[in-house]
Amino acid sequence: MVISNRQFPSIYYQKFGSGPAIVLLHGFPESGVLWKDVWPALAEQYTVIVPDLPGSGKSARGNDAISIEALAGSVAAVLEAEQVDQALLAGHSMGGYIALAFAALYSSKLAGLSMVHSTAYADDEEKKNNRKKAIELIRKGGKEPFIKQMIPALFSPRTKETLPGIIERQVESGLKLEAESMIAYYQAMLERPDRIGLVANAAFPMQWIIGKDDSVISFTKGLQQCTLAYTNFVSVYNMCGHMSMLENKDGLVFDLLDFAAYCFWS
Ligand code: MLT
């Protein structure tokens, strides 16, 4: 399915199954396909909606600067097109930043929020500087070395050793993202606000999926925020990095189903 809204000329998404709605939001530099090992089991009980975020996969970026809030607006447009009043949003990393912006803007539409290797903290100064350097590198034509260096770092030492093919495939898929989209996402991420206050006051249930070997969202940072909301489902995956949908898909499916059952049926 393809729709558009005021900012984005085409927002592509896939839909599977029936029942209460779960939206799976991918991170950077990925597309909805990232969730392909996860959505079949969820679709046995739920409507699963998997967008390619504007600028990724089959969705166009448009001409205006991208913000995390505008990306949340694209998710709201998909829900409106599907006449979904309330959904559980599961956001991987950048997808989690977008899900939090969605919570800030459209809280009544949220049945629950699953933060999959993501954080409510804004970037610190070091991270902002690293993003600025990466933007410079990509602007100068350095997209390929950037992706080849960043993607392997998303995986645990065990995955690197036992499943190197998964990492190669992620590098290939990351290279498909246009340099302009990469720059736009990095700029949007470094400008995103801190959402810890929102989490601390969350009226919706939250889930935290934490990889013990995650080099993007450290174990410590994950633990610091996972008890702030009123209702928290917390899972820590040992020997898993930033990519549990590839490194521990059975664990992730189990936990998402458990959380969804709480959000929709308890
Ligand atoms: C992602 O996986 O979406 C990114 O690593 C998030 C980030 O750079 O903060």
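Counting convention: from 1, in listed order, for ligands and their atoms alike.
- For Arg131, the closest heavy-atom approach to ligand 1 falls below 4.0 Å.
- With hydrophobic clusters built from ILVMFWY side chains whose heavy atoms lie under 4.5 angstrom apart, Val23 does not share a cluster with Val2.
- Taking any N or O of Gly27, backbone or side chain, none lies under 3.5 Å from an N or O belonging to ligand 1.
- With a 4.0 Å heavy-atom cut-off, ligand 1 is reached by the side chain of His242 but not by its N, CA, C or O.
- Counted by atom type alone, Ser93 and His242 present one or more donor-acceptor pairs between their side chains at under 3.5 Å.
- A 4.5 Å side-chain heavy-atom check between Arg61 and Pro54 finds every atom pair outside the cut-off.
- The contact set between ligand 1 and Met189, taken as ligand atoms under 4.0 Å from a residue heavy atom, comprises 6 (C), 7 (C), 8 (O), 9 (O).
- Heavy-atom separations between Tyr97 and ligand 1 include at least one value shorter than 4.0 Å.
- Of all protein heavy atoms, the one lying nearest to atom 4 (C) of ligand 1 is Ser93 OG, 3.4 Å.
- Proximity to Met94 (heavy-atom distance under 4.0 Å) selects the following atoms of ligand 1: 1 (C), 3 (O).
- For ligand 1, none of its N or O atoms has an N or O atom of Gly95 under 3.5 Å away.
- The residue from Leu79, Leu25, Leu113 that alone fulfils the side chain to side chain contact (heavy atoms under 4.5 Å, CB included) condition with Phe102 is Leu79.
- At a threshold of 4.5 Å between non-hydrogen side-chain atoms, the residues Leu177 and Phe28 count as touching.
- Aromatic rings from Phe16 and Tyr46 are positioned such that their centres are separated by 6.0 Å or more.
- Side-chain contact annotation: Tyr237 with Asp255, donor-acceptor N/O pair under 3.5 Å present.
- Nearest protein neighbour of atom 3 (O) of ligand 1, counting heavy atoms only, is Phe28 N, 2.8 Å.
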